[in-house]
Amino acid sequence: MLKIYNTLTGKKEPFEPLTAGTVKMYVCGVTVYDECHLGHARSALVFEMIRRYLEHSGLSVTFVKNFTDVDDKIINRANELKIPWQAVTARYIDTYYRDMGRLGIQPATVEPKATEHMAEIIALVQVLIQKGVAYQVNSDVYFQVEKYGAYGRLSKRKLDDMQAGARVEVDERKRHPMDFALWKGAKPGEPSWDSPWGKGRPGWHIECSAMSMKHLGETFDIHGGGADLIFPHHENEIAQSCGATGKEFARYWIHNGFVQINQEKMSKSLGNFFTIREIFEKWGYREPVTAEALKYFLLSSHYRSPLNFSDQALLEAKRALDDFYDLFGRLEDSPSAKNSGKISDNDPVRKAAKQLPKAVGEFGEDFRDRMDDDFNTPDAIAMFHKLQTLVNTQLRIGFSDDCIKARDVMRSFGKVLGLFQLPVREWQFQDRAIKLEAEHLIPDSELERLIVERSEAKKRRDFARADEIRQALAAQGITLEDRPDGTTRWKR
RNA sequence: GGCGCCGUACCCAAGUGGCUAAGGGGGCAGUCUGCAAAACUGUUAUGCGGCGGUUCGAACCCGCCCGGCGCCUCCA
């Protein structure tokens, strides 16, 4: 039974979709005024993992992820760049898809844009006015928070508490300082749409209410986003949506934790962020390799925890994956290789290897147990490591079919996490600086020639020459491994 | 000021009432190897920020304290 931590209740709850067998989920996407940074990558990856796991569990998932493409920040950016605001949104929607593509993130089922839902937005604002929970001031429309009794439920705060310390601009036109804009009248030159209140544009939160209700219905299962959206964005979405329909809005609220740099939140305002593009460009590996290292890194801590990013942390992730791909590679190269001569029958290795079939057989169930516990990906990843060790242990004795079964299990369940999907030959093993040099210095044909020469040198016991070749290659980032069957493997 | 989260080994990180506190990295010692590499084995927290309390029993619950972070303003 899947349990999900629900921000609304502050508890892990059994997940029971509204309609058995299906899940309707909405995740706040990006406001397209700048390039995505690692924080966006985490959010995207976390919810992709959740979606995949739900699908893996046999549920049919409708996943909606929006673009907010009208907003003050977009207008500001357009002014800065002296280009039309539509050019800003078009540019950053492109870079969004470029970055998500690099990360290997699939598109959502529906990816609606705010600008394409003006009719729904305006209709929703009208309903709120009719219901008496919103009011018009000149060409603006505000939501009246005091009319919504449960305001503050999601973010666990009271209107009175917020008043006390909030640095709210004094706006005499608002009936309560926390009232927020549903519709903003347009100044000359700003993007605008016709409405009953004159030309204007939607406030920040209303587009998500309109789009989620249009594509998923008035009540749906999961609503997600970064933890910084809890207040005010999601709180206001709930107020608007429930205010309009009188029904429950989203039933489970899922929020991912922040990416941090030196223990501080990565954010635009602090200026301590890395864009996804920067990471891919600076890191030096091919994109699928960098993407997988990022995924491993981001999923190796729980989705709700803060996660400190550093070059070293990413390298650790990369190295962990090296070991998995190395194992996959050894299974492909010569699965018939035997190495059992030196292992006696009562060696502990033999006993340990006996656990492999059981571990393979129970992997699926164990995986489900851990993922069912609020998507415990770090615990799930630990299982992969355990299985990896068991396969390696078995390989010390000799190849068995269970090794292949284990590999298939790892690759198949790895798919849920977006891991272990690359062909081994596309993985890159050595550190990037060395690798970049090596690519230019040694052609494969020359490499093969040296390996043959070394192997001949070894045969005539000319170890000096053999070592000379090994060291020369090592200097260029190529590692040689002599295998039990007499062949030599190399890794860059 | 209000609300909330977190503090587990050298580093990263699971575990939230009950067998010897997962897993990874690193270190050390072995096995294997012509030498290596890789892999495997053992080892590295009588203790989970501190002090009290509840309990037969707590890293896990309660209280206080110390330290860090977040939200309350745009933010994934």
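None of these values were measured; they are calculated from a predicted model. So that the names make sense, note that chain A is the first sequence line, chain B the second, and so on, each numbered from 1.
- Listed nucleotides rA76(B), rU41(B), rA36(B) differ in distance to Met266(A); the shortest reach to its side chain belongs to rA76(B).
- In terms of phosphate contacts, Thr377(A) brings no side-chain nitrogen or oxygen within less than 4.0 Å of OP1 or OP2 of rA13(B).
- For rC72(B) and rG42(B), the P atoms lie 49 Å apart once the distance is rounded to whole Å.
- For Arg175(A), the salt bridge (charged side-chain N to carboxylate O under 4.0 Å, His left out) criterion is met by no residue, not counting sequence neighbours.
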Apply the test salt bridge (Lys or Arg N to Asp or Glu O under 4.0 Å) to residues Arg470(A) and Asp482(A): give CA-CA distance (whole Å), side-chain angles for both, the deciding distance (0.1 Å), then the verdict.
-> CA-CA 11 Å; Arg470(A) 178 199 291 290; Asp482(A) 294 333; 3.7 Å; yes

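- Among the nucleotides rA13(B), rG23(B), rC72(B), the one closest to the side chain of Leu307(A) is rA13(B).
- Put simply, CD1 on Ile105(A) is 15 Å from P on rA76(B), counting in whole angstrom units.
- The partner of rU55(B) cannot be assigned: no Watson-Crick or G-U wobble pair with both contacts below 3.5 Å exists in any strand.
- At the heavy-atom level, Phe384(A) lies nowhere under 4.0 Å from the strands shown.
- The pair Arg465(A)-Glu456(A) does not meet the salt-bridge criterion, since no charged nitrogen lies less than 4.0 angstrom from a carboxylate oxygen.
- Pair assignment for rA14(B): none, as no Watson-Crick or G-U wobble contacts are both less than 3.5 Å.
- Side-chain nitrogen and oxygen atoms of His40(A) include at least one within less than 4.0 Å of the OP1 or OP2 phosphate oxygen of rA76(B).
- As the counterpart of rG67(B), rC6(B) is assigned, both hydrogen-bonding distances of the Watson-Crick or G-U wobble pattern falling under 3.5 Å.
- Rounded to whole Å, the C1' atom of rG52(B) lies 32 Å from the corresponding atom of rC11(B).
- In the set rU31(B), rG23(B), rC71(B), rC71(B) carries the atom at the smallest distance from any side-chain atom of Arg157(A).
- Taking the side chain of Asp373(A) as heavy atoms from C-beta on, and the options rG15(B), rU41(B), rA13(B), the nearest nucleotide is rG15(B).
- Gly152(A) comes within contact range of no nucleotide atom at all, as no heavy-atom separation falls under 4.0 Å.
- Looking at heavy-atom distances under 4.0 Å, Ser267(A) makes contact with a base.
- Nucleic acid contact for Lys73(A): sugar-phosphate only, since backbone atoms but no base atoms lie under 4.0 Å from a heavy atom of the residue.
- Checking rA76(B), rC11(B), rA22(B) against every side-chain atom of Asp379(A), the shortest atom distance belongs to rA22(B).
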Check the pair Asp179(A) / Lys174(A) against salt bridge (Lys or Arg N to Asp or Glu O under 4.0 Å), numbers first and verdict last.
-> CA-CA 6 Å; Asp179(A) 288 353; Lys174(A) 289 205 260 181; over 6 Å; no

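- Residue His302(A) is in sugar-phosphate contact alone, with no base atom involved, counting any heavy-atom pair closer than 4.0 Å across all strands shown.
- Residue-level contact check: Lys458(A) touches the bases, meaning some heavy atom is under 4.0 Å from a base atom.
- In this structure, rA36(B) makes no Watson-Crick or G-U wobble pair, since no nucleotide meets both defining distances under 3.5 angstrom.
- No engagement by Val27(A) is indicated, since no non-hydrogen atom pair under 4.0 Å with the nucleic acid exists.
- A salt bridge is defined here as a Lys NZ or Arg NE, NH1 or NH2 lying under 4.0 Å from an Asp or Glu carboxylate O, and Lys354(A) with Asp402(A) fails to meet this definition.
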Under the ring pair (Phe, Tyr, Trp, His ring centres under 6.0 Å) rule, what do Tyr97(A) and Phe67(A) come out as? Steps first, then yes or no, please.
-> CA-CA 11 Å; Tyr97(A) 279 119; Phe67(A) 288 107; 5.6 Å; yes

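- For the side-chain hydrogen bond (donor to acceptor under 3.5 Å, both in side chains) with His255(A), the qualifying choice from His223(A), His234(A), Arg304(A) is His234(A), the only one to do so.
- Taking the P atom of each, rU8(B) and rC61(B) are spaced 15 Å apart, rounded to whole Å.
- One can find a donor-acceptor pair under 3.5 Å joining the base of rG34(B) and the side-chain atoms of Asp467(A).
- Using N1 to N3 plus N6-O4 or O6-N4 for Watson-Crick, or N1-O2 and O6-N3 for G-U wobble, each under 3.5 Å, rG47(B) pairs with nothing.
- Distance Arg153(A) CZ to rC72(B) C1': 20 Å, rounded to the nearest Å.
- Within the nucleic acid shown, Gln260(A) comes within 4.0 Å of sugar-phosphate atoms alone, with no base atom in reach, counting heavy atoms only.
- Using a 4.0 Å heavy-atom cutoff across all strands shown, Asn308(A) reaches no nucleic acid atom at all.
- Distances from the side chain of Ser43(A) to the nucleotides rC71(B), rG24(B), rA76(B) place rA76(B) closest.
- Under 4.0 angstrom from either OP1 or OP2 of rC40(B) there lies at least one side-chain N or O belonging to Asn392(A).
- Residue-level contact check: Arg42(A) touches neither bases nor backbone, having no heavy atom under 4.0 Å from any strand.
- The side chain of Arg454(A) sits closest to rG34(B) out of rU73(B), rA14(B), rG34(B).
- Of the residues listed (Asp373(A), Asp372(A), Asp374(A)), the one engaging Lys12(A) in a salt bridge (Lys or Arg N to Asp or Glu O under 4.0 Å) is Asp373(A), and it is the only one.
- Taking every side-chain heavy atom of Arg330(A) into account, rA38(B) is the closest of rC71(B), rC35(B), rA38(B).
- When the nucleotides rG70(B), rC71(B), rU31(B) are ranked by their closest atom to the side chain of Glu264(A), rG70(B) comes out on top.
- Mapping Phe231(A) and Tyr5(A) onto RNA chain B via the closest heavy atom, the residue that lands nearer the 5' end is Tyr5(A).
- Atom C1' of nucleotide rC69(B) and atom CG of Leu270(A) are separated by 12 Å, given to the nearest angstrom.
- Side-chain to base pairing of Asp482(A) with rC35(B): one donor and one acceptor N or O lie within less than 3.5 Å of each other.
- For the pair His233(A) NE2 and rG70(B) P, the interatomic distance rounds to 21 Å; values are reported in whole Å.
- Taking the C1' atoms as reference points, rC12(B) lies 16 Å from rU44(B), given to the whole Å.
- The residue Phe463(A) sits close to a base: some heavy atom pair falls under 4.0 Å.
- Nucleotide rG1(B) has rC72(B) as its partner under the Watson-Crick or G-U criteria, with both atom distances under 3.5 Å.
- Distance from the side chain of Lys156(A) is smallest to rC3(B) among rA14(B), rC69(B), rC3(B).
- At the heavy-atom level, Asn376(A) lies under 4.0 Å from the strands shown only through sugar-phosphate atoms.
- Residue Leu229(A) is in sugar-phosphate contact alone, with no base atom involved, counting any heavy-atom pair closer than 4.0 Å across all strands shown.
- Tyr285(A) carries Lys318(A) over the face of its six-membered ring, with the cationic atom under 6.0 Å from the centre and within 45° of the normal.
- Taking 3.5 Å as the limit, the base of rC5(B) and the side chain of Arg304(A) contain no donor-acceptor pair of atoms between them.
- Using a 4.0 Å heavy-atom distance criterion, Gly226(A) is classed as a sugar-phosphate-only contact.
- Searching all strands for a Watson-Crick or G-U wobble partner of rA29(B) with both distances below 3.5 Å returns rU41(B).
- In terms of position on RNA chain B, the residue among Arg470(A) and Asp71(A) whose nearest nucleotide sits closer to the 5' end is Arg470(A).
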